[in-house]
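Computed from a predicted structure; not experimentally measured. No hydrogens, no waters, no symmetry mates; every other heavy atom, side chains included, goes into these values. Index from 1, following the sequence.
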Amino acid sequence: MAAVLDGELRGVYENRRTAVASYLREWLATRKPHLAPNTYAGSAACVERDLIPAFGHLRLLDLRPEHVDAWVSARLEANRGRVTVYRAVSTLRNALNAAVRSWRLRYNPAKHSVPPKPRAAERTCWTPEQAATFLQHGAEQYADQLTDLFEVMLGTGMRRGEILALHWSDVHLMDRKLYIRWTLAAIDNGKIHLREPKTEASRAWISLSPRVMTSLHRQARPPSR
């Protein structure tokens with residue numbers, strides 16, 4: 001009764017029996033309907049692989065910034081990937097932010113523990129000559145469906161998931177254009193999931209060059225017997 005009255009007074013309802021492990025799994029369950037399947041799978045793997053082994057035994061109310069800071073330092077000293085550490089602590093911070101919003105915590109102990117986001121590696125683009133060499137090699141050495149797939153990818157700039165999810169109903173050969181309506185994602189390198197693109201900007205019409213048209217015509221033509 002004293003704990004309930006104290007919660008009413010301070011607006012924070014702290015349950016000392018809640019462990020970090022059970023809270024993180026509960027939080028994941030509430031987030032699942034709002035996340036893309038591959039995003040959810042990544043968050044769940046992060047929780048089970050990193051966060052619960054590190055903090056799951058603690059009670060939620062006993063988790064302190066020094067626990068999180070010590071784990072980050074230990075992981076980095078053990079040469080754990082900076083991107084992996086960043087994602088793990090970011091996931092923990094997001095989960096604890098939800099606890100603060102629902103008045104289960106007074107503050108977020110991971111709020112200031114997230115390390116700087118690692119800079120993405122600089123991407124290098126092929127020159128037209130390199131792209132042409134790659135396509136020529138594929139056509140001469142393999143001459144299979146992947147040759148046409150790579151031709152369309154290079155000629156349109158479509159992402160891998162977008163081109164693998166392309167439906168013939170969205171290809172308009174007479175108008176020399178196609179529409180990106182779906183994307184294909186692999187979950188845990190196993191299950192395949194077809195979904196709509198994340199953003200409205202990803203849904204777009206793309207004009208087709210003569211080379212891309214030729215590749216699509218080859219795929220549309222029924223195989224000879």
Side-chain angles (χ1 to χ4, degrees), residues 34-46 49-50 76 79-88 90-91 114-225:
H34 309 287
L35 299 175
N38 55 333
T39 303
Y40 171 79
S43 297
C46 175
R49 181 190 62 232
D50 294 310
L76 294 178
N79 294 321
R80 189 72 184 276
R82 289 185 174 273
V83 173
T84 300
V85 174
Y86 169 80
R87 288 175 178 170
S90 294
T91 300
V114 180
K117 185 176 182 179
R119 296 183 60 182
E122 183 178 355
R123 297 182 180 182
T124 57
C125 296
W126 283 352
T127 65
E129 292 76 16
Q130 290 172 324
T133 300
F134 172 81
L135 293 173
Q136 183 178 358
H137 175 79
E140 293 176 352
Q141 300 297 322
Y142 303 102
D144 58 8
Q145 291 183 334
L146 291 182
T147 301
D148 290 328
L149 181 142
F150 290 134
E151 185 80 60
V152 177
M153 287 183 70
L154 287 170
T156 62
M158 294 172 67
R159 298 179 178 91
R160 179 181 60 182
E162 294 170 345
I163 195 167
L164 292 177
L166 187 62
H167 289 57
W168 280 115
S169 58
D170 294 321
V171 178
H172 303 268
L173 294 175
M174 295 294 294
D175 298 325
R176 297 175 178 262
K177 62 184 180 181
L178 60 79
Y179 186 69
I180 299 177
R181 194 183 305 274
W182 304 102
T183 185
L184 198 67
I187 303 173
D188 293 332
N189 292 323
K191 297 180 180 178
I192 303 299
H193 181 73
L194 184 70
R195 62 175 176 82
E196 295 182 350
K198 287 184 178 181
T199 64
E200 288 293 332
S202 297
R203 299 180 180 90
W205 288 99
I206 296 180
S207 298
L208 304 177
S209 67
R211 289 189 60 149
V212 172
M213 288 284 295
T214 301
S215 296
L216 290 172
H217 274 297
R218 278 197 296 265
Q219 291 299 310
R221 187 183 307 125
S224 58
R225 294 182 181 180

Novice: Could you tell me whether Arg176 atom CZ has more than 12 heavy atoms of other residues or ligands within 6.0 Å of it?
Specialist: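 No - once you tally the heavy atoms of other residues, nucleotides and ligands closer than 6.0 Å, there are 12 at most.
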Novice: Which is it for Asp50 and Arg87 under the salt bridge (Lys or Arg N to Asp or Glu O under 4.0 Å) test, yes or no, and what are the steps along the way?
Specialist: CA-CA 10 Å; Asp50 294 310; Arg87 288 175 178 170; over 6 Å; no
Novice: So how far is it from Ile192 CD1 to Leu184 CG, rounded to the nearest 0.5 Å?
Specialist: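 Going from CD1 on Ile192 over to CG on Leu184, the span is 5.5 Å.
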Novice: Please say whether more than 12 non-hydrogen atoms of neighbouring residues, nucleotides or ligands are located less than 6.0 Å from CZ in Arg211.
Specialist: no
Novice: With distance as the sole test, does Gln130 use its side chain to make a donor-acceptor pair with the main-chain N or O of Thr127 at under 3.5 Å?
Specialist: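 Yes; judged by distance alone, with no hydrogens or angles, the pair exists.
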Novice: Are any side-chain N or O atoms of Thr39 and backbone N or O atoms of Leu35, one a donor and one an acceptor, separated by less than 3.5 Å?
Specialist: no
Novice: Relative to each other, are the rings of Trp182 and His167 parallel, tilted or perpendicular (30° and 60° limits)?
Specialist: tilted
Novice: Do the side chains of Met213 and Pro210 get nearer than 4.5 Å, heavy atoms only?
Specialist: no
Novice: Quick check: are there more than 12 heavy atoms from other residues, nucleotides or ligands sitting under 6.0 Å from CZ of Arg195?
Specialist: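 Check passes, neighbour count above 12.
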Novice: Looking at Ala185 and Asn38, what are the two nearest heavy atoms and their distance?
Specialist: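 Of all heavy-atom pairs spanning Ala185 and Asn38, the closest is CB-ND2, 3.9 Å.
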Novice: Would you compute the distance between atom NZ of Lys177 and atom CG of Asp170 and round it to the nearest 0.5 angstrom?
Specialist: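 If we round to the nearest 0.5 Å, Lys177:NZ and Asp170:CG are 12.0 Å apart.
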Novice: Which distance, rounded to the nearest 0.5 Å, do you find between the CG of Leu178 and the CE of Met158?
Specialist: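 It is 5.5 Å, given to the nearest 0.5 Å.
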Novice: Are Leu149 and Leu164 close enough that some pair of their side-chain heavy atoms sits under 4.5 Å apart?
Specialist: yes
Novice: So which heavy atom on Tyr179 is nearest to which on Leu166, and how close?
Specialist: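 The pair with the smallest heavy-atom distance is O-CD1, 4.1 Å.
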Novice: What I want to find out is whether Glu196 reaches Arg181 closely enough, with some N-O distance under 4.0 Å, to be called a salt bridge.
Specialist: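 No.
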Novice: Can you find a pair of side-chain heavy atoms, one from Leu154 and one from Trp126, that are under 4.5 Å apart?
Specialist: yes
Novice: Working to the nearest 0.5 angstrom, can you tell me the gap between Thr183 OG1 and Leu194 CG?
Specialist: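 Nearest 0.5 Å value for the OG1-CG distance: 8.0 Å.
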Novice: Do the side chain of Glu162 and the main chain of Arg159 share a donor and acceptor less than 3.5 angstrom apart?
Specialist: yes
Novice: Quick one: does Ser209's side chain get under 4.5 Å of Val212's, heavy atoms only?
Specialist: yes
Novice: Supply the atom-to-atom distance Thr156 OG1 to Ile206 CD1, rounded to the nearest 0.5 angstrom.
Specialist: 5.0 Å
Novice: Roughly how far apart are Leu135 CG and Glu140 CD, rounded to 0.5 Å?
Specialist: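 Leu135 CG to Glu140 CD: 11.0 Å, rounded to 0.5 Å.
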Novice: Within the structure provided, determine whether Trp205 and Ile180 are in side-chain contact (heavy-atom separation under 4.5 Å).
Specialist: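 Not in contact.
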Novice: For a quick test of reading the model, state the closest non-hydrogen atom pair linking Arg203 to Pro197 and the distance between them.
Specialist: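 Shortest heavy-atom separation between Arg203 and Pro197 comes out as NH2-O, 3.5 Å.
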Novice: With side-chain contact (heavy atoms from CB on, under 4.5 Å) as the test, would you mind laying out the steps for Tyr40 and His34 before giving the verdict?
Specialist: CA-CA 9 Å; Tyr40 171 79; His34 309 287; over 6 Å; no
